[in-house]
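Report on the following structure.
These values consider heavy atoms only, across backbone and side chains, with no hydrogens, waters or symmetry-generated copies.
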Amino acid sequence: NKLTDTDVGELFVIRNAGNTLPSSDAMEGDADKATVEYAVKALNIKEIVVCGHTGCGAVNALCGGVDEKELPLISKYLERLGPLKEKITEKGADLDEAIKMNVQMQIDNLMSYDFVKSRVEGGELSIEGWIYNIGNGEVEIVK
């Protein structure tokens, strides 16, 4: 709310590690998928913002790996970002670029939902990607 200068209750927020959303054909992530459906179809929201941030721990863990025995749930959670890890490795991206790539991937995942895609194409819904810089408070638009 501070970032967007809005009051409590004005934003409908899904918050999770790495701001991830599975694609529409993925079997996991039912809660997040259902929340997006509710926001778009029942609440008729007009804008979705995928907001990553500098130093993202989830993307850092994805790039550097995690100890599966020590952090088995995180390790399993990061599996949904396997395609992103491949792209990061292929490109040789640093953490900042990887965070941007993650935001873009989540936008692509949102667009895989028919009810999102049809509203975006119809001009009823917009999607933006942001990177919040924790150090200086600036927001970079991801294009």
Q: Just do the side-chain contact (heavy atoms from CB on, under 4.5 Å) check on Lys143 and Ile141 with the steps written out, would you?
A: CA-CA 6 Å; Lys143 298 181 182 197; Ile141 306 298; 4.3 Å; yes

Q: With side-chain contact (heavy atoms from CB on, under 4.5 Å) as the test, would you mind laying out the steps for Tyr132 and Thr54 before giving the verdict?
A: CA-CA 6 Å; Tyr132 175 70; Thr54 56; over 6 Å; no

Do [X] and [Y] sit in one hydrophobic cluster, given that two such residues count as connected whenever their side-chain heavy atoms are within less than 4.5 Å of each other, even indirectly?
X: Val50; Y: Val120; result: yes
X: Ile14; Y: Ile45; result: yes
X: Leu62; Y: Val103; result: no
X: Leu125; Y: Val142; result: yes
X: Val49; Y: Met105; result: no

(Q) Walk me through whether Glu79 and Lys76 qualify under salt bridge (charged side-chain N to carboxylate O under 4.0 Å, His left out). (A) CA-CA 5 Å; Glu79 286 179 9; Lys76 181 72 174 162; 3.2 Å; yes

As an exercise, state the distance from [atom1] of [X] to [atom2] of [Y], rounded to the nearest 0.5 Å.
X: Lys100; Y: Leu95; atom1: NZ; atom2: CG; answer: 11.0 Å
X: Tyr113; Y: Lys33; atom1: OH; atom2: NZ; answer: 4.5 Å
X: Lys87; Y: Gln104; atom1: NZ; atom2: CD; answer: 8.5 Å
X: Leu11; Y: Thr6; atom1: CG; atom2: OG1; answer: 3.5 Å
X: Leu78; Y: Glu68; atom1: CG; atom2: CD; answer: 11.0 Å
X: Leu110; Y: Ile127; atom1: CG; atom2: CD1; answer: 5.0 Å

Donor-acceptor pair, side chain of [X] and main chain of [Y], under 3.5 angstrom:
X: Ser75; Y: Leu71; result: no
X: Asn102; Y: Gln106; result: no
X: Ser112; Y: Ser24; result: yes
X: Asn133; Y: Glu138; result: no

Show the nearest heavy-atom pair for residues [X] and [Y], with the distance to one decimal.
X: Ala58; Y: Ala17; answer: CB-C, 4.0 Å
X: Ala93; Y: Ala98; answer: CB-N, 4.2 Å
X: Asp32; Y: Arg80; answer: OD2-NH1, 4.2 Å
X: Val66; Y: Ala61; answer: CG1-CB, 3.5 Å
X: Ile99; Y: Gly55; answer: CD1-N, 3.6 Å

Has [X] got more than 12 heavy atoms of other residues, nucleotides or ligands less than 6.0 Å from its [atom1]?
X: Glu97; atom1: CD; value: yes
X: Phe115; atom1: CZ; value: yes
X: Asp114; atom1: CG; value: no
X: Asn44; atom1: CG; value: yes

Q: For residues Thr20 and Asn16, determine if any side-chain heavy atom of one lies less than 4.5 Å from a side-chain heavy atom of the other.
A: yes

Q.
Are Leu43 and Phe12 packed together at the side-chain level, in the sense that at least one heavy-atom pair is separated by less than 4.5 angstrom?
A. yes

**Q.** Audit row: Ile48, Val40, side-chain contact (heavy atoms from CB on, under 4.5 Å) steps and yes/no
**A.** CA-CA 9 Å; Ile48 296 174; Val40 172; 4.1 Å; yes

Q: With sequence neighbours left out, write down each residue that passes side chain to side chain donor-acceptor pair (under 3.5 Å) with Asp7, or none if nothing qualifies.
A: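 Expected list: none.
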
Q) What's the verdict on side-chain contact (heavy atoms from CB on, under 4.5 Å) for Tyr38 and Lys41, showing C-alpha distance, side-chain angles and the deciding distance? A) CA-CA 5 Å; Tyr38 179 73; Lys41 292 175 123 179; over 6 Å; no

Q) Can you list every pair that meets salt bridge (charged side-chain N to carboxylate O under 4.0 Å, His left out) and has a residue in residues 45-55, with sequence neighbours left out? A) none

